[in-house]
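All ligand and atom numbering here is 1-based and tracks the order in the structure.
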Amino acid sequence: MLSALEQYDPQIYELLKQEKARQSGSLRLIPSENYVSRAVMQACGSCLTNKYAEGYPGKRYYEGQQVTDLIEMLATERAKKIFKADHANVQSYSGSVANVAAYAALLEPGDTIMGLSLPFGGHLTHGWKASMTSKVYNSVQYEVDPETGRFDYNKIEELAKKHRPKMIISGATAYPREIDFEIFGNIAKSVGAYHLSDIAHISGLVVANIHKSPVPYADIVSTTTHKTLRGPRGGMLLCKAEYAKNIDRAVFPGLQGGPHMHTLTAIAVALNEADTPEFIGYAKQVVKNAKALADKLLEFGFDLVSGGTDNHLILIDLRSKDVPGKKLAKALDRAKIVTNYNTVPCDPRPPFDPSGLRIGTPAVTTRGMKEPQMEQIAGFINRIADNIDNDTVIEQIGKEVLMLCSHFPVPGHFIIPPKNSHINGGD
Ligand code: DSN
């Protein structure tokens, strides 16, 4: 029988089939990507996409909220429970919107914010010059220590004392080490700043208690929902009770109209999945896999920023290999290994053609891969770096990648899982 999509839009159906095959037949190492469960996928594609729900449970601007109110309350309670937060807002369309909402909730235009510089591993919305956040607010940027690749908390404190920001942002998109949120909280307190912690990359590790939670040390915590947390693409805010009203008002009506209820529903499902021993096992394996991959890359002579990893990601500095990041990422992609090129601290090359490669283990771990497969993947990366212009070798590795993928089927939309086991990976 033809599916509705196949029948009514064969072009899109065909493209989706191709994307499904790509996701299944490649090693997805972009650290911000993952595979959601079948249940999350179902919620995302549900009838909730048909509903407007501007406002919050019990106070909406449209009728017909008998079900949406219950779903949003469930999502909120689940978020509060797993992150041990006073308040949660689950409506942000993305992590970027969540960050801007955090600023809007507590700051005035022109106030000073202080975040990690983008080429040193920060995010656009942490005050990078190309982002509106640096135009609306006065942005001061800190960097990682160029020698160690790690935060020098004394220097960050000095900078905070010099500029007296109104808000300090902890969190990163390309920082392979555990972040000490308590120190960030203390620095913020010492200069009378708010502390926003953006845990988009590591929220799954925080839920699993692998990395210390910033919730006790931050006024506001923002996160995306689709990285290590393994939910649908979306954003979320957690905060102390005293900021709850400001945060809610900043999201709606400050920045957004109606929440995307199908996404919010899928977030609720993902939060429930994250509240299980299986998820904790998965998150632990993500980190074990990243360490195994890092160790093997080091053995092959790759330079890793900070010398390794404590989390789900690895930042390779390719200068010693004399291969630019973009060239390697493109060669890897031809061999069905999907990564992203990335700046490294003090990168002499431009951001669109930088010296680094960023890789991570959330997606391959969801497929059930463990340490032996990480060693194999490091071998693929090494062979490709050594044979960057040799199409025959790259094609051969592509075949080996397909073979490896065939032993680790993608959970979620690809297989009918046994009852009560719609997620995969981990111990
Ligand atoms: N695009 C995200 C990442 O890959 O880290 C940050 O927004």
Side-chain angles (χ1 to χ4, degrees), residues 23 26-36 92-103 113 115-134 139 141 144 149 169-179 196-206 211 214 221-237 255 263 267 270 283 286-287 290 293 305-306 309-316 325-326 328-330 332-333 337-345 347 351-352 354 356-366:
Q23 290 190 15
S26 60
L27 290 168
R28 298 174 58 235
L29 297 180
I30 294 175
S32 46
E33 293 186 349
N34 211 328
Y35 296 99
V36 297
S92 301
Y93 300 147
S94 70
S96 295
V97 177
N99 284 342
V100 174
Y103 304 150
I113 58 172
L116 177 61
S117 165
L118 182 82
F120 286 80
H123 188 253
L124 285 164
T125 56
H126 295 177
W128 181 239
K129 59 188 175 197
S131 156
M132 279 302 288
T133 56
S134 77
S139 172
Q141 301 261 273
V144 298
I169 304 123
S170 61
T173 65
Y175 187 70
R177 295 299 179 175
E178 183 163 7
I179 298 173
L196 163 66
S197 184
D198 176 349
I199 56 167
H201 266 262
I202 56 156
S203 49
L205 310 185
V206 167
H211 281 208
V221 175
S222 66
T223 183
T224 52
T225 45
H226 48 273
K227 297 184 175 98
T228 49
L229 195 55
R230 208 165 56 176
R233 297 190 72 92
M236 201 162 76
L237 286 152
L255 287 163
T263 306
I267 289 174
V286 165
V287 177
L293 185 51
V305 172
S306 84
T309 182
D310 297 330
N311 58 23
H312 63 303
L313 76 82
I314 296 161
L315 191 54
I316 308 176
K326 190 171 182 174
L328 181 56
K330 295 220 171 277
L332 288 166
D333 196 53
I337 300 174
V338 189
T339 63
N340 72 273
Y341 45 91
N342 213 98
T343 50
V344 294
D347 204 324
F352 200 59
L357 189 79
R358 189 182 69 149
I359 57 175
T361 53
V364 288
T365 307
T366 292

In terms of residue, atom name and distance, what is the protein heavy atom nearest to [atom]?
| atom | value |
| --- | --- |
| atom 5 (O) of ligand 1 | H201 NE2, 2.6 Å |
| atom 7 (O) of ligand 1 | H123 NE2, 2.8 Å |
| atom 1 (N) of ligand 1 | S32 OG, 4.7 Å |

Close side-chain approach of L124 to T133, heavy-atom, < 4.5 Å: no
message: Side chains of R358 and P31, heavy atoms from C-beta outward: is any pair under 4.5 Å?
response: yes
message: Considering both backbone and side-chain atoms of T173, is one of its nitrogen or oxygen atoms within less than 3.5 Å of a nitrogen or oxygen in ligand 1?
response: no
message: Side chain or backbone, does K227 bring an N or O within less than 3.5 Å of an N or O on ligand 1?
response: no
query: How does H226 reach ligand 1, if at all, at less than 4.0 Å between non-hydrogen atoms: by side chain, backbone, both, or neither?
result: neither
Distance (rounded to the nearest 0.5 Å) between N340 CG and I30 CD1: 5.5 Å
- request: Name the orientation class of the two ring planes belonging to H201 and H312 (parallel below 30°, tilted from 30 to 60°, perpendicular beyond 60°).
  value: tilted
- prompt: What do the steps show when you test H126 against D198 for side-chain hydrogen bond (donor to acceptor under 3.5 Å, both in side chains), and what is the final call?
  reply: CA-CA 9 Å; H126 295 177; D198 176 349; 2.8 Å; yes
query: Hey, which atoms in ligand 1 end up nearer than 4.0 Å to a heavy atom of R358?
result: 3 (C), 4 (O), 5 (O)
message: Under a 3.5 Å threshold, yes or no: a donor from one side chain and an acceptor from the other, between T125 and S131?
response: no
